[in-house]
Amino acid sequence: MSTMAIPQAAAAVHLHDDRPFIRRYIFSTDHKIIGIQFLFMSLLFLLVGGLLAMMMRWQLAWPADAQHPLPGGSLLPETMVAQGIMLPEFYNSLMTMHGTILVFFAIMPLLVGVFANYLIPLQCGAPDMAFPRLNMLSFWTAVPAGVLMVAGFFVQGGHAAAGWTAYAPLSAVPEYSGVSTGQVLWTVSLIILGFSSLMGAVNYISTVINMRAPGMTWFRLPLPVWALFITSVLILLAMPVLAGALILLLFDQVLGTSFYLPQANGEPLLWQHLFWFFGHPEVYILILPAFGFVSEILANGARKPIFGYHAMVLAIVAIAFLGWIVWGHHMFQSGMNPMLGNTFMFSTMVIAVPTAIKVFNWLGTLWRGSIQFQVPMLNAIAFVAMFVIGGLSGVFLASTPVDIFYHDTYFVVAHIHYVLFGGSLFGIFAAITYWFPKMFGRMMSERLGKIHFFLTFLFFNLAFFPMHNLGNAGMMRRIYDYRQYAHLADLQPLNEFISLSAFALGVTQLLFAFNFLWSLFRGKKAEQNPWRANSLEWSAPSPPPHGNFAVTPIVYRGPYEYSSPESAEDYLPQDQPPAEQPVPAPDLVPASS
Amino acid sequence: MKWGFPESVSTYGGDIDAMYAIILYVTGAMFLVVEATLIYFIIRYRRREGGKADYVHGHLRTEIIWTLVPFVLVAMLAVTSAGTWLDLKHPSRFPAAGLDLKVRAKQFEWNVTYPGADGRLGTGDDFVKRNQLHLPTGVPVRLTLSAEDVIHSFFLPEFRVKQDAVPGMETSVWFEATKPGTYVLGCAELCGLGHYKMRGTVTVHTPQEFQRWQQEQGAS
Ligand code: HEM
Ligand SMILES: [Cu+2]
Ligand SMILES: [Cu+2]
């Protein structure tokens, strides 16, 4: 994976660097290379997870229909696809792995592995992470986790099939799920991945606390750093809970214990409590960094200071706190005490408030701006527009009585995808297109980027909005063949429409892949500061050399001084000395060599 | 494309649908306001030759207002939801049951235990039906759910009923049917390979019909 980055990075490092090849690009301790390694790995998983979804959608468009054999189905073994028809066991594995791979191996590393690594030192004005070796270990721990997760497809009995939420006892007892090795691999892989995330989190937290450049006070930190910092705290506290839950599950799977099995006084609901005690903070891990990127890009695109910087920070902190006391909203119908259900409803409703605050402040940022519509900005605006829908559908689910109908239906699937695709993934597209020039020293194609953006926006909505209707019709999620049910039999046309839109959405992503790879080698050379932005990474060369800054930058102001009267330009970099102060001697200015 | 829920055929279905409607209005209004503002701003404040953005960092009073307004709204939604929820799900608020049933879920079927002629569960004349739920209109039915293997979720979309059946514990739920007919019983929680076909039929009778049916079953 990392080898793909070599031609660019090799051309880019113009500081004299005599580390051997393997130390520079494979077992590198440079936070930028590690970020880029995570980028290639997680984009690959994004592709894989997307492909699994396409296969699922084929089945849902034409359930077990010999007239519509699964394309490429003949290449797969009989245990997955027989005579062109996908088997239910394979469908369950696809559904499980689609969720698992995209949550843990695509979105999470894209947001955190890539950007916490790449941005935190650069935006703090640090030469590298606090613990560069630990950082390297974090990536090289994620790799075997990924390998194990993929290996599950090739073992006897098929891959894990209990959903990404792996509810026990289904996930704990092979006789119940029909899967043994696959489910164990799933568990072990996630335990290992948890350690990778933990090592990352420790590092990001230490770096933000200790390695900020002179003058970089907490309230001069760019919002991506704030968001990634709080996210890291969530990871640090949530991952051990997941690991604990998984280790007990592993014991049940292989050692014959019964933590989650009622047979020997175990407790099936214990898994749900542990999983969601981790899981709800996890969903915020999957969105907070995107909040940060989008704030950065909206201010830059509107050429205006972010509206309510302190409110934005407080809202992130509030969400991080409240995120710990809402997990029960996944368990309203589980048999948990209904009084407790109402308590969780209140906390869940309240968490919509800081979420709303963020949306209003983004609107406030656009208000009286001077908005330019480059590709990152388009994706950031789409983020706001789409995330609102996901946040509002969350309010329906938060209402305990309404959730009686919606729980475990396609309405929840619609909600997830509006927050995670409409939200997180648009945020990721915005971030990749925005920081690509810094990472690789070249610009991505604006034209391809715009086509990709508009088609993605269109097909995303065509594919996912009607899922609200499926939910309203009472269509359960994780159903191999909904035509078995009288009330769902006539939903085939709508499902077919959704699938066709999903295929178009999938194909559209090839444009992004092409734009990305093509621009790596052929893109226009990027200037140091192509977006005329203020934060410190734009004061380093594109791409920055090992060590980032020739001279440690000094920070004079916050990162959102756009259109300030202090400057003739419409931006004012954080490290540009104020006019009345003496200009530093030339040898203090970052040299390019 | 259909928009609403399926027609409600239980006494409290209307309460859930009303709550849904309230949330739809509140969130719908929020949605329209936010998206319209967003579209208006990106058109109105697009970059123009010689134009410059305002240098504004925020506004405290505005922040307070747009914190309090959503807070009041969601708090109201929570308060209105809370009572309905307890009425439907809290055993201490269940109405006196006219019919008591036991539902035992296992991969991949629903076994319903009915009281025989004596009208009481746990006596010798109880009988069991697989994947068939029969009940009369006009009588609160109380179901006690349990599961043999994994978690299943007892889902009657037309009655607005959903409750997980969990191995090792009993959960309970009640509802009262308003309209004779046949309806869907589905499983909403992934429970393994056959999850997608773990379905049953709900037959709602008039009280007289139900009594006749119950006697026939008890006799055979
Ligand atoms: C206004 C804020 C939000 C509220 C009130 C809310 C509420 C809820 C509720 C009540 C559920 C459970 C539904 C059920 O299973 O019956 C749920 C599910 C879910 N939410 Fe949210 N949510 C919000 C924001 C988010 C965000 C920001 C994310 C992630 C980026 C997210 C991701 C998810 C996911 C992944 C699930 C489904 C988990 C599963 O597979 O069962 N939500 N949400
Ligand atoms: Cu949650
Ligand atoms: Cu099921």
Side-chain angles (χ1 to χ4, degrees), chain A residues 88-89 163 167 169-170 176-178 262 268 302-305 307-308 311 333-335 338 342 345-346 349 352-353 356-357 359-360 363 366-372 385 388 392 395-396 399-402 404-405 407-408 469 472-474 476 478-481 484-487 494 563-565, chain B residues 1-6 16 19-20 23 27 30-31 34-35 37-38 41-42 45-47 51-55 57-58 63 66-67 70-71 74 77-78 81-82 84-86 88-90 149-151 153 157 160 162-164 166-169 171 184 186 188-193 196-197 199:
Chain A
E89 42 272 56
Y167 278 16
L170 184 63
Y176 293 155
S177 63
R303 314 307 296 164
K304 196 168 158 270
F307 198 90
Q333 321 307 334
S334 69
N342 270 347
M345 165 169 63
F346 275 95
M349 287 284 186
V353 175
I357 295 175
V359 170
F360 295 143
L363 292 182
L366 296 177
W367 172 68
R368 307 184 115 182
S370 175
I371 306 171
Q372 327 170 3
V388 167
L392 292 174
V395 175
F396 290 83
S399 164
T400 40
V402 179
I404 294 178
F405 188 80
H407 176 62
D408 272 334
N469 300 70
N472 279 6
M476 297 80 91
R478 298 170 167 173
I479 289 272
Y480 164 75
D481 184 358
Q484 301 279 335
Y485 287 90
H487 72 303
L494 185 54
S563 303
S564 158
Chain B
M1 192 150 66
K2 282 197 246 132
W3 290 91
F5 294 168
I16 291 184
M19 199 59 233
Y20 164 76
I23 298 180
T27 56
M30 277 291 209
F31 170 77
V34 169
E35 304 286 357
T37 311
L38 180 65
F41 282 0
I42 60 182
Y45 300 115
R46 68 188 185 280
R47 186 175 196 77
K52 205 172 181 199
D54 269 19
Y55 180 67
H57 281 91
E63 297 285 351
W66 69 35
T67 305
F71 181 82
V74 292
L77 293 179
S81 298
T84 313
W85 167 253
L86 289 183
L88 307 195
K89 289 277 182 152
H90 204 287
D149 34 44
V150 302
I151 300 175
S153 191
R160 312 292 187 261
K162 189 178 286 135
Q163 177 61 55
D164 288 3
V166 185
M169 68 189 266
T171 53
V184 173
E189 183 68 63
L190 175 69
C191 57
L193 259 188
Y196 69 99
K197 52 183 178 191
R199 66 194 183 289

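Proteins get letters first, then strands, A, B, ... in listed order; numbering begins at 1 in each.
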Would you say the ring centers of Trp85(B) and Phe346(A) fall short of 6.0 Å from each other?
no
Practice item. Please step through side chain to side chain contact (heavy atoms under 4.5 Å, CB included) for the pair Tyr167(A) and Glu189(B), ending with a clear verdict. Key: CA-CA 9 Å; Tyr167(A) 278 16; Glu189(B) 183 68 63; 3.5 Å; yes
Closest non-hydrogen contact found for Tyr485(A) with Gly186(B) is CE2-CA, 3.5 Å
Heavy-atom nearest pair, Pro167(B) first then Pro262(A), reads CB-CG, 3.6 Å
Chain A shares the most heavy-atom pairs under 4.5 Å, among Gly51(B), Gly168(B), Ser153(B), Gly58(B), with Gly58(B)
Quick one: does any side-chain atom of Gln163(B) pair with a main-chain N or O of Gln333(A) as donor and acceptor, under 3.5 Å?
yes
Answer key: most heavy-atom pairs under 4.5 Å with chain B among Ala385(A), Ala486(A), Ala311(A), Gly178(A) is Ala385(A)
What one should report as the nearest heavy-atom pair of Met349(A) and Val74(B) is O-CG2, 3.4 Å
Going by heavy atoms in the side chains, are Leu366(A) and Tyr45(B) under 4.5 Å from each other?
no
Whatever's closer than 4.5 Å to a heavy atom in chain A on Ser81(B) counts as both
From the list Val166(B), Val184(B), Leu77(B), the residue making the most non-hydrogen contacts under 4.5 Å with chain A is Val184(B)
Could you walk me through whether Ser370(A) and Arg47(B) pass the side chain to side chain contact (heavy atoms under 4.5 Å, CB included) test, one step at a time? CA-CA 4 Å; Ser370(A) 175; Arg47(B) 186 175 196 77; 3.2 Å; yes
Are Lys197(B) and Asp481(A) packed together at the side-chain level, in the sense that at least one heavy-atom pair is separated by less than 4.5 angstrom?
no
With distance as the sole test, does Asn472(A) use its side chain to make a donor-acceptor pair with the main-chain N or O of Phe5(B) at under 3.5 Å?
-> no
OG of Ser177(A) to CG of Asp149(B), rounded to nearest 0.5 Å, is 11.5 Å
Bottom line for Ala352(A): the part with an atom under 4.5 Å from chain B's heavy atoms is side chain
Heavy-atom nearest pair, Phe41(B) first then Ile371(A), reads O-CD1, 3.7 Å
The reported gap from NZ in Lys304(A) to NZ in Lys52(B) (rounded to nearest 0.5 angstrom) is 13.5 Å
Pair count under 4.5 Å, heavy atoms only, with chain A: among Arg199(B), Glu35(B), His90(B), highest is Arg199(B)
Ranking Thr84(B), Thr171(B), Ile16(B), Ile23(B) by heavy-atom pairs under 4.5 Å to chain A gives rank one to Ile23(B)
Honestly, the part of Val359(A) sitting under 4.5 Å from a heavy atom of chain B is side chain
Main-chain N/O of Ile404(A) paired with Lys162(B) side-chain donor or acceptor, under 3.5 Å:
yes
CG of Leu363(A) to OG1 of Thr37(B), rounded to nearest 0.5 Å, is 6.0 Å
With chain A, the option among Glu63(B), Met30(B), Met169(B) that has the most non-hydrogen atom pairs under 4.5 Å is Glu63(B)
dist Lys89(B):NZ -> Asn342(A):CG (nearest 0.5 Å) comes out at 12.0 Å
For Ser399(A) and Met19(B), the nearest pair of non-hydrogen atoms, with its separation, is OG-CG, 3.8 Å
| query | Would you call the rings of Tyr480(A) and Tyr196(B) parallel, tilted or perpendicular, where under 30° means parallel and over 60° means perpendicular? | reply | perpendicular
* Asked: Okay, side chain of Arg46(B), backbone of Gln372(A): is any donor-acceptor separation there less than 3.5 Å?
  -> no
Under 4.5 Å to a heavy atom of chain A? For Leu190(B) that would be both
So OH of Tyr55(B) and OG of Ser563(A): to nearest 0.5 Å the spacing works out to 9.5 Å
Assert top hit (heavy-atom pairs under 4.5 Å, partner chain A, pool Trp66(B), Tyr20(B), Phe31(B)) equals Trp66(B)
Assert top hit (heavy-atom pairs under 4.5 Å, partner chain B, pool Gly369(A), Gly474(A), Ala356(A)) equals Gly369(A)
- Query: Counting only heavy atoms not in Phe71(B), do more than 12 sit closer than 6.0 Å to its CZ atom?
  - Reply: no
Note: Ser334(A) and Asp164(B) closest approach over all heavy atoms is CA-OD2, 3.4 Å
Are Leu170(A) and Ile151(B) side-chain neighbours, meaning at least one heavy-atom pair lies under 4.5 Å? no
Interface check, chain B: of Thr400(A), Ile479(A), Val353(A), Leu392(A), most non-hydrogen pairs under 4.5 Å belong to Thr400(A)
Okay, Ala473(A) and chain B: the region with an atom under 4.5 Å from a heavy atom over there is backbone
**Study point:** pair Phe360(A)-Pro70(B): side-chain heavy atoms closer than 4.5 Å
**Key:** yes
